[in-house]
Trainee: 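Below are the structure tokens for one structure; questions will follow.
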Amino acid sequence: MRLTQFWQRMDEAFGQSAARTFARDQVLTKLGDRTVEQALQQGEPVLQVWRVVWEQAHLPAHLR
């Protein structure tokens with residue numbers, strides 16, 4: 001998954017502004033107690049970050 005695809009899915013799931021807020025503010029245990037932004041900046045694979053977001057936010061299957 002490319003970073004552009006990641007942000008498209010985030011926007012679809014949360015809406016554009018809420019997606020950015022979620023990525024900046026929500027600390028996720030499965031990302032090592034980091035935010036989405038921190039995990040991406042520290043080199044976590046984009047697909048792995050997306051899977052954690054999808055699971056933790058209980059998003060619908062079509063967004064997986």
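Bear in mind that the values here come from a model prediction, so they are computed numbers and not experimental data. Quick note: residue numbers are just sequence positions, from 1.
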Trainee: How long is the span from the CE atom in M1 to the CD atom in Q8, to the nearest 0.5 Å?
Mentor: 9.5 Å
Trainee: Can you measure from CG (L31) to CD (E37) and round to the nearest 0.5 angstrom?
Mentor: 12.0 Å
Trainee: Please list every donor-acceptor pair under 3.5 Å in which a side-chain atom of residues 17-28 meets a protein atom from a residue at least two apart or in another chain.
Mentor:
residue : atom : partner : partner atom : Å
R20     : NH1  : D11     : OD1          : 2.6
T21     : OG1  : S17     : O            : 3.1

Trainee: Enumerate the residue pairs fulfilling ring-ring contact (aromatic ring centres under 6.0 Å, His included) with a member in residues 24-45, sequence neighbours excluded, ordered by first and then second residue.
Mentor: none
Trainee: Only distances under 3.5 Å count here; give the side-chain donor-acceptor pairs of residues 44-59 to other protein atoms, sequence neighbours excluded, each with its distance to 0.1 Å.
Mentor:
residue : atom : partner : partner atom : Å
E44     : OE1  : Q48     : NE2          : 3.3
E44     : OE2  : R34     : NH2          : 2.9
W50     : NE1  : L63     : O            : 3.1
W54     : NE1  : L59     : O            : 3.3
W54     : NE1  : P60     : O            : 2.9
E55     : OE2  : K30     : NZ           : 2.4

